[in-house]
Visitor: 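Take a look at this one; I'll ask things after.
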Amino acid sequence: MKNFLAIVVTLCAFAMPASAQQSAAPQGANVYFVNLEDGATVASPVTIIFGLSGMGVAPAGTEKDNTGHHHLLLNRPPFGEGEDGADELVNGLPADDNHMHFGGGQTEVTLELPPGTHTLQLVLGDMGHVPHNPAVVSEVITITVE
Ligand SMILES: [Cu+2]
């Protein structure tokens, strides 16, 4: 099984377009939601706390190895998927209602969200808002706002 995974990972690496722009991420770097679990039911406003291990948080524009800033993907396909999925791996994340940048180095946000279900995912970006290689991405969680 381990060999199979290694082959899949290798194939994926070849399938990805090479980019000189991407910053390297150390093995085992991990971004995660500190206070929310998949399937949680919450009240608005919702405080979302961003966790990061194996790397450091630095404001956008800071050129320092093994650092980055948080991005919150809200109500869009999982990172790397959707219309611009391939592009965002290489050229960086857009900034709009579905892509929030925390370029000041913030590690939490409080959002007013309408009632219903919402998907959330965290992606670390480097000084130029480009995801690292390999990308440091959380799982997608779905929360229900009452
Ligand atoms: Cu950014």
Side-chain angles (χ1 to χ4, degrees), residues 5 8-146:
L5 279 177
V8 170
V9 167
T10 305
L11 288 176
C12 288
F14 278 117
M16 298 251 281
S19 171
Q21 296 176 330
Q22 284 182 293
S23 302
Q27 267 204 335
N30 186 30
V31 67
Y32 54 94
F33 293 99
V34 172
N35 65 325
L36 288 173
E37 282 182 16
D38 187 36
T41 297
V42 296
S44 184
V46 185
T47 295
I48 303 162
I49 302 174
F50 319 139
L52 177 65
S53 65
M55 292 181 72
V57 174
T62 304
E63 189 170 2
K64 190 171 193 316
D65 284 350
N66 299 331
T67 67
H69 63 278
H70 287 287
H71 300 84
L72 179 64
L73 309 191
L74 177 67
N75 296 329
R76 52 143 282 165
F79 174 73
E81 297 178 23
E83 206 180 326
D84 299 319
D87 188 59
E88 68 200 8
L89 283 170
V90 178
N91 294 324
L93 294 157
D96 56 31
D97 288 348
N98 303 105
H99 304 80
M100 285 169 237
H101 291 244
F102 298 91
Q106 304 95 313
T107 56
E108 66 173 74
V109 67
T110 299
L111 295 177
E112 297 275 356
L113 291 172
T117 60
H118 302 272
T119 63
L120 307 172
Q121 187 177 29
L122 292 170
V123 181
L124 204 68
D126 69 7
M127 60 177 288
H129 315 278
V130 178
H132 295 76
N133 188 7
V136 182
V137 179
S138 79
E139 62 170 339
V140 178
I141 66 169
T142 302
I143 62 170
T144 300
V145 175
E146 286 182 315

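Whatever order the structure lists them in is the order used to number ligands and atoms, beginning at 1.
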Visitor: Does any pair with a residue in residues 119-139 pass ring-ring contact (aromatic ring centres under 6.0 Å, His included), and if so which ones, sequence neighbours excluded?
Guide: His69-His129, His101-His129
Visitor: For the pair Asn133 (side chain) and Ala24 (backbone), establish whether a donor and an acceptor sit closer than 3.5 Å, ignoring hydrogens and angles.
Guide: no
Visitor: What count do you get for protein N/O/S atoms less than 2.8 Å from the Cu ion (ligand 1)?
Guide: 4
Visitor: Can you tell me if Asp126 uses its side chain to pair, donor with acceptor, with the backbone of Val130 under 3.5 Å?
Guide: yes
Visitor: Quick one: does any side-chain atom of Ser44 pair with a main-chain N or O of Leu113 as donor and acceptor, under 3.5 Å?
Guide: yes
Visitor: How close do Leu73 and His99 get, counting heavy atoms only, and between which atoms?
Guide: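 Smallest interatomic distance, heavy atoms only, reads CD2-CD2, 3.5 Å.
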Visitor: If you compare all heavy atoms of Arg76 against all heavy atoms of Gly80, which two are closest, and at what distance to 0.1 Å?
Guide: NH2-N, 3.9 Å
